[in-house]
2 protein chains.
Amino acid sequence: MERKTPAKKTISEFLNSTVSPVDIEQIIEYLRSKNLKTNKVTVYRIIEHFYKEGIVTRLELGEGKFRYELNRNHHHHLICQKCGKIEDFKDVTIQELEKKIFKQRGFLVKYHSLEFFGICKNCQG
Amino acid sequence: MERKTPAKKTISEFLNSTVSPVDIEQIIEYLRSKNLKTNKVTVYRIIEHFYKEGIVTRLELGEGKFRYELNRNHHHHLICQKCGKIEDFKDVTIQELEKKIFKQRGFLVKYHSLEFFGICKNCQG
DNA sequence: TGACAAATGCAACTAAGTTGCATATACTCA
DNA sequence: TGAGTATATGCAACTTAGTTGCATTTGTCA
């Protein structure tokens with residue numbers, strides 16, 4: 001049966017406190033800042049566990065590594081190519097698209113990933 | 001000025017011949033099969049060059065590495081979680097979404113990535 | 001054909017993520 | 001509440017994707 005360990009609790013706490021998706025290193029930094037002795041293997045394993053449980057979502061934003069965030073309500077991302085800020089964006093038209101894909105192609109969509117890259121409001125002009 | 005080298009030509013040829021996005025290793029295998037002595041650094045550099053020129057598109061499909069395909073007309077992907085087949089999918093509603101994002105949020109979308117994960121027709125039932 | 005910039009190859013490196021195995025610890029139940 | 005045990009952790013060593021510096025080769029054009 002699953003156990004509530006300090007590392008798990010602290011990672012959950014961190015994920016709850018952040019707005020942008022975080023990478024493994026940020027998690028490790030947070031644990032260190034809380035004076036928890038830690039280890040990347042453990043962090044990878046906890047995050048993988050959260051991922052398998054559906055607690056977190058895994059994202060790739062073109063960096064060659066994964067980022068994670070709490071799997072609250074589904075949304076997409078607006079990633080600024082200048083300042084790197086990641087905004088959330090919610091929309092329902094994709095659900096329509098998924099239905100269409102099934103009708104037209106017989107492909108049953110389980111989930112999707114949608115990221116928009118561009119220039120945020122502050123970085124324009 | 002840019003040169004047409006055997007490696008570049010052969011990689012172009014390979015990209016033209018494939019339907020699914022390929023990874024670096026597949027490119028190296030192809031070059032070997034054509035008896036071109038090759039080297040991963042060169043392949044990375046050529047692909048990066050193609051990418052910067054806008055000749056290829058770079059994709060991440062949750063594998064922890066990149067895949068590439070010719071930048072023909074823009075489309076999305078349907079990735080089967082059982083057999084791994086990657087189908088293309090074209091749709092215009094995303095363009096509408098991009099306009100909406102600019103109107104609502106002032107975020108100027110340069111490009112997006114959209115992948116659908118699920119079960120293809122053949123793998124169902 | 002020769003000069004020169006562009007392209008390649010090699011070796012060594014970095015960074016993300018994984019594996020095996022020994023040790024530590026959260027939880028259960030007597 | 002304390003011992004036993006499965007779960008979680010830590011360490012070291014590894015794999016794989018991708019990068020860098022530098023010396024050598026090669027395509028192109030005059």
Side-chain angles (χ1 to χ4, degrees), chain A residues 1-15 20-53 55-69 79 84 86 113 115, chain B residues 1-15 18 20-69 79 84 86 113 115:
Chain A
M1 126 254 45
E2 199 200 318
R3 287 180 194 166
K4 276 178 200 164
T5 63
K8 254 186 218 166
K9 276 188 240 169
T10 311
I11 292 176
S12 288
E13 172 193 313
F14 180 49
L15 291 168
S20 297
V22 299
D23 61 22
I24 297 292
E25 210 176 317
Q26 288 172 298
I27 297 173
I28 291 172
E29 272 164 32
Y30 184 81
L31 291 171
R32 296 238 163 92
S33 80
K34 293 283 166 182
N35 295 313
L36 276 177
K37 102 170 200 181
T38 196
N39 174 285
K40 66 171 182 162
V41 180
T42 302
V43 175
Y44 273 107
R45 289 200 269 233
I46 290 173
I47 272 294
E48 197 200 344
H49 168 77
F50 284 171
Y51 178 61
K52 282 190 179 158
E53 295 287 309
I55 295 164
V56 300
T57 298
R58 194 167 77 167
L59 305 166
E60 291 178 303
L61 306 179
E63 303 167 299
K65 69 180 173 189
F66 294 109
R67 287 185 175 271
Y68 301 88
E69 66 179 355
I79 300 122
I86 303 170
S113 92
E115 324 298 339
Chain B
M1 125 256 45
E2 201 200 319
R3 287 177 195 169
K4 276 178 199 164
T5 63
K8 253 186 218 167
K9 276 188 237 168
T10 312
I11 293 177
S12 288
E13 174 194 312
F14 180 49
L15 291 169
T18 54
S20 297
V22 300
D23 61 22
I24 297 292
E25 211 176 319
Q26 289 173 297
I27 297 173
I28 291 172
E29 272 165 31
Y30 184 82
L31 291 171
R32 296 238 164 92
S33 81
K34 292 284 165 183
N35 294 314
L36 274 179
K37 102 170 203 185
T38 194
N39 175 284
K40 65 170 183 161
V41 180
T42 303
V43 174
Y44 274 106
R45 289 200 268 231
I46 290 174
I47 271 294
E48 197 201 344
H49 168 77
F50 283 171
Y51 178 61
K52 282 190 180 159
E53 295 287 309
I55 294 163
V56 300
T57 298
R58 194 167 76 169
L59 304 166
E60 290 179 304
L61 306 179
E63 303 167 300
K65 68 180 171 190
F66 294 108
R67 287 185 176 271
Y68 301 87
E69 66 179 355
I79 300 123
I86 303 170
S113 94
E115 324 297 340

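The sequence lines fix the lettering, A, B, ..., with proteins before strands; numbering per chain opens at 1. Note that this is a predicted model, so its numbers are computed, not measured.
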| Is the Lys NZ or Arg CZ of B/R58 less than 6.0 Å from the centre of B/Y51's six-membered ring, within 45° of the axis? | yes
[Y] and [X], any side-chain heavy atoms less than 4.5 Å apart:
X      : Y     : value
B/F14  : B/L31 : no
B/I27  : B/D23 : no
B/E115 : B/I79 : yes

| message | Checking the side chain of A/R67 only, and the main-chain atoms of A/P21 only, is there a donor and an acceptor separated by less than 3.5 Å? | response | yes
| message | Please check this pair: side chain of B/K8 against backbone of B/R3, looking for a donor-acceptor N/O pair closer than 3.5 Å. | response |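 Yes, because the side chain of B/K8 sits within donor-acceptor range (under 3.5 Å) of the backbone of B/R3.
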Whole angstroms only, please: what is the [atom1]-[atom2] distance between [X] and [N]?
X     : N      : atom1 : atom2 : value
A/E60 : C/dA15 : CD    : C1'   : 15 Å
B/K4  : D/dC29 : NZ    : P     : 10 Å
B/Y51 : D/dG18 : OH    : C1'   : 15 Å
A/E48 : C/dG17 : CD    : P     : 11 Å
B/I47 : D/dG18 : CD1   : P     : 11 Å
B/L31 : C/dA7  : CG    : P     : 16 Å
A/E29 : C/dA16 : CD    : P     : 11 Å
A/L36 : C/dA26 : CG    : P     : 11 Å

| request: Please figure out whether B/I24 or B/T5 has its closest DNA chain D nucleotide nearer the 5' end. | output: B/I24
| Residues from residues 6-15 of chain B sitting under 4.0 Å of DNA chain C, heavy atoms only? | B/A7, B/K8
| said: Give me the atom names and distance for the closest heavy-atom approach of A/T10 to A/L36. | reply: OG1-CD1, 3.1 Å
| task | Begin with the C-alpha distance, continue with both residues' side-chain angles, and end with the deciding distance and a verdict on salt bridge (charged side-chain N to carboxylate O under 4.0 Å, His left out) for B/K52 and B/E48. | result | CA-CA 6 Å; B/K52 282 190 180 159; B/E48 197 201 344; 3.1 Å; yes
Distances under 3.5 Å only, N/O to N/O: pair up the protein atoms with those of nucleotides 10-17 of chain D.
from: D/dG10; atom 1: OP1; to: A/K37; atom 2: O; distance (Å): 3.2
from: D/dG10; atom 1: OP2; to: A/T42; atom 2: OG1; distance (Å): 2.9
from: D/dG10; atom 1: N7; to: A/R45; atom 2: NH2; distance (Å): 3.1
from: D/dG10; atom 1: O6; to: A/R45; atom 2: NH2; distance (Å): 2.5

| said: Roughly what angle, to 10°, lies between the helix axis at the start of the helix from C/dT1-D/dA30 to C/dA30-D/dT1 and the one at its end, five pairs per end? | reply: 30°
Working to the nearest 0.5 Å, report the span between [atom1] of [X] and [atom2] of [Y].
X     : Y     : atom1 : atom2 : value
A/I46 : A/T38 : CD1   : OG1   : 7.0 Å
A/T42 : A/I28 : OG1   : CD1   : 9.0 Å
B/L59 : B/K65 : CG    : NZ    : 12.5 Å

| query | On a plain distance test, is the side chain of B/R3 in donor-acceptor contact with the base of D/dT28 below 3.5 Å? | reply |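 Answer is no: no donor-acceptor pair is held.
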